Amino acid sequence: MAASGKLPTFRLPPLPTLRELIKLFRLQAAKQLSQNFLLDLRLTDKIVRKAGNLTNAYVYEVGPGPGGITRSILNANVAELLVVEKDTRFIPGLQMLSDAAPGKLRIVHGDVLTFKIEKAFPENLKRRWEDDPPNVHIIGNLPFNVSTPLIIKWLESVSCRDGPFTYGRTQMTLTFQKEVAERLVATKGSKQRSRLSIMAQYLCSVEHIFTIPGQAFVPKPEVDVGVVRFTPLVHPKIEQPFKLVEKVVQNAFQFRRKYCHRGLGMLFPTAQRLESTGRLLRSADIDPTLRPTQLSILHFKNLCDVYRKMCDEDPQLFAYNFREELGKSRSKNQNKDSDREHCGL
């Protein structure tokens, strides 16, 4: 009889190796989809270990491909693994894994950018935001071409507490190009400090756990790959709507090598730019000659709070887009030039 309190462990039966699977189904990484296969099961096991204790957990894997990380997740004794794969070529290989792990692996042919996970797992997994993270995890070796839009989408979901975060503070363990991983964790004053740094760090605790050398992937990418873990914060460091924070941060980094007042000025129409930018920086207590990379999360909190107040005073301000104004100005000047030519001036 098994000792009390111990859960039965699950291990996959002997299966074809990943290289054999790729040969069997004639799989080839699609360059246009930024696909790179991770075939070293020691590394996939390490990614899964770094995600935390997955015993009896519910896991959502994005972009499983030939199933390397999938195997490691299944061997971690999870309750259920849901994989979402866009490329139909990988479905037969994943189905082989599903047959080897009855009731453990659910396969969805779909796009992670549009897939709705809110109702994918049992309701009883949901936790209050203030509680410990739920027994739900997101793990994935992301194609490079979707990694940034996908993490921005999920960060917005963290802010709104929807999507994967309807269950609570769901943890994510994901791969990125090393340079992107470094941006996500970059601190104030770092050369890698960017829009991604602020958007991730104001909502989550972000850790660059380890780096995987490019030669571990097939085909070998030109860059190394960073594994990053995100844990949503109980209280975000900026208490403003995601779209407002995103707009302020994007504008601040618009001219990253110039003084911060240059990019932040683009939040305001030309006619009031000088006056409004001065007011924003004075009220937020920020030196206008700081570079965007020198601004802390607290600086951005102050900027967002003041900008929100200015938007409340002028409801049309938030909708202002300097590119639209620039486009109209250029169009107007072109029309003037055309009229002059027509008149023979």
Side-chain angles (χ1 to χ4, degrees), residues 7-12 15 18 21 33 35 37-38 41 44-45 47-127 133-143 146-147 149-151 153-158 161-175 227-232:
L7 290 167
T9 57
F10 171 84
R11 297 295 294 181
L12 284 167
L15 291 164
L18 289 170
L21 200 69
L33 298 177
Q35 291 174 341
F37 304 152
L38 185 56
L41 292 180
T44 62
D45 284 348
I47 291 171
V48 171
R49 281 198 309 274
K50 294 294 185 179
N53 181 6
L54 299 186
T55 301
N56 222 27
Y58 288 75
V59 180
Y60 172 33
E61 184 190 358
V62 293
I69 293 178
T70 312
R71 295 185 185 209
S72 296
I73 295 171
L74 289 170
N75 280 329
N77 211 30
V78 298
E80 182 179 89
L81 169 58
L82 169 66
V83 298
V84 176
E85 178 55 65
K86 185 178 182 179
D87 194 332
T88 54
R89 297 175 304 149
F90 298 121
I91 302 298
L94 293 170
Q95 189 57 56
M96 182 185 291
L97 284 178
S98 181
D99 294 341
K104 291 273 188 181
L105 177 59
R106 199 155 37 113
I107 304 164
V108 172
H109 174 226
D111 188 338
V112 295
L113 287 169
T114 56
F115 179 70
K116 305 287 185 187
I117 195 177
E118 292 87 336
K119 296 179 181 177
F121 295 135
E123 285 281 316
N124 63 9
L125 291 170
K126 291 184 177 178
R127 297 289 178 267
N135 208 10
V136 176
H137 293 259
I138 299 173
I139 300 176
N141 175 30
L142 304 179
V146 302
S147 62
L150 186 58
I151 194 59
K153 174 183 165 66
W154 276 339
L155 289 170
E156 183 168 9
S157 289
V158 171
R161 302 183 187 181
D162 62 16
F165 308 97
T166 55
Y167 301 97
R169 295 187 296 118
T170 300
Q171 294 176 296
M172 302 182 283
T173 306
L174 305 166
T175 63
V227 181
V228 182
R229 186 170 60 212
F230 303 79
T231 304

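No experiment lies behind these values; they were computed from the predicted model shown.
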Quiz item: So which pairs with a foot in residues 95-119 pass ring pair (Phe, Tyr, Trp, His ring centres under 6.0 Å), sequence neighbours left out?
Solution: Tyr60-Phe115
Self-check item: Lys50 vs Val227, side chain to side chain contact (heavy atoms under 4.5 Å, CB included): CA-CA, chis, key distance, verdict
Solution: CA-CA 9 Å; Lys50 294 294 185 179; Val227 181; 5.6 Å; no
Quiz item: Excluding sequence neighbours, so at least two apart, what forms salt bridge (Lys or Arg N to Asp or Glu O under 4.0 Å) with Lys126?
Solution: Glu123
Self-check item: Nearest heavy atoms of Val84 and Gly110, plus distance in Å
Solution: CG1-O, 3.5 Å
Quiz item: Which atom pair, heavy atoms only, marks the closest approach of Ala100 to Phe10?
Solution: O-CZ, 3.8 Å
Practice problem: Verify the distance criterion only: is there a donor paired with an acceptor across the side chains of Thr175 and Asn141 at less than 3.5 Å? | Solution: yes
Self-check item: For Tyr58 against Pro122, the heavy-atom pair lying closest together
Solution: CE2-CD, 3.7 Å
Self-check item: Residue pairs passing the side chain to side chain donor-acceptor pair (under 3.5 Å) test where at least one lies in residues 96-106, sequence neighbours excluded
Solution: Glu80-Arg106, Gln95-Asp99
Quiz item: How many angstroms lie between atom CG of Asn135 and atom CZ of Phe121, to the nearest 0.5 angstrom?
Solution: 10.5 Å
Quiz item: Tell me, do Ile151 and Phe230 make a side-chain contact under 4.5 Å, heavy atoms counted?
Solution: yes
Self-check item: Chi angles and distances behind the side chain to side chain contact (heavy atoms under 4.5 Å, CB included) call for Leu12, Arg71
Solution: CA-CA 8 Å; Leu12 284 167; Arg71 295 185 185 209; 3.9 Å; yes
Practice problem: Grab the two heavy atoms, one from Lys86 and one from Asp111, that are nearest each other, plus how far apart they are. | Solution: NZ-OD2, 3.7 Å
Quiz item: For the atom pair CD1 (Ile117) and OG1 (Thr166), what is the distance rounded to the nearest 0.5 Å?
Solution: 8.0 Å
Practice problem: Give the intermediate values and the outcome of side chain to side chain contact (heavy atoms under 4.5 Å, CB included) for residues Trp154 and Leu174. | Solution: CA-CA 12 Å; Trp154 276 339; Leu174 305 166; 3.9 Å; yes
Quiz item: Nearest 0.5 Å, what's the CE-OG1 distance between Met172 and Thr231?
Solution: 8.5 Å
Quiz item: Just how far is it from atom CG of Asp162 to atom OH of Tyr167, taken to the nearest 0.5 Å?
Solution: 12.0 Å
Quiz item: After noting the C-alpha distance and the side-chain angles of Leu113 and Leu150, does the key distance pass the side chain to side chain contact (heavy atoms under 4.5 Å, CB included) rule?
Solution: CA-CA 6 Å; Leu113 287 169; Leu150 186 58; 3.8 Å; yes
Quiz item: For Asp45, does its backbone N or O pair with a side-chain atom of Ser72 as donor and acceptor, under 3.5 Å?
Solution: yes
Quiz item: Nearest heavy-atom pair of Glu85 and Leu94: which atoms, and what distance?
Solution: CB-CD1, 4.1 Å
Self-check item: Passing option when Ile69 is tested against Leu81, Ile139, Thr173 for side-chain contact (heavy atoms from CB on, under 4.5 Å)
Solution: Ile139
Quiz item: What is the distance from atom CG of Asn77 to atom CG of Asn56, rounded to the nearest 0.5 Å?
Solution: 7.5 Å
Quiz item: Which pair of non-hydrogen atoms, one from Thr170 and one from Pro232, has the smallest distance, and what is that distance?
Solution: O-CD, 3.3 Å
Quiz prompt | CZ-CZ distance between Arg161 and Arg169, expressed to the nearest 0.5 angstrom | solution = 9.5 Å
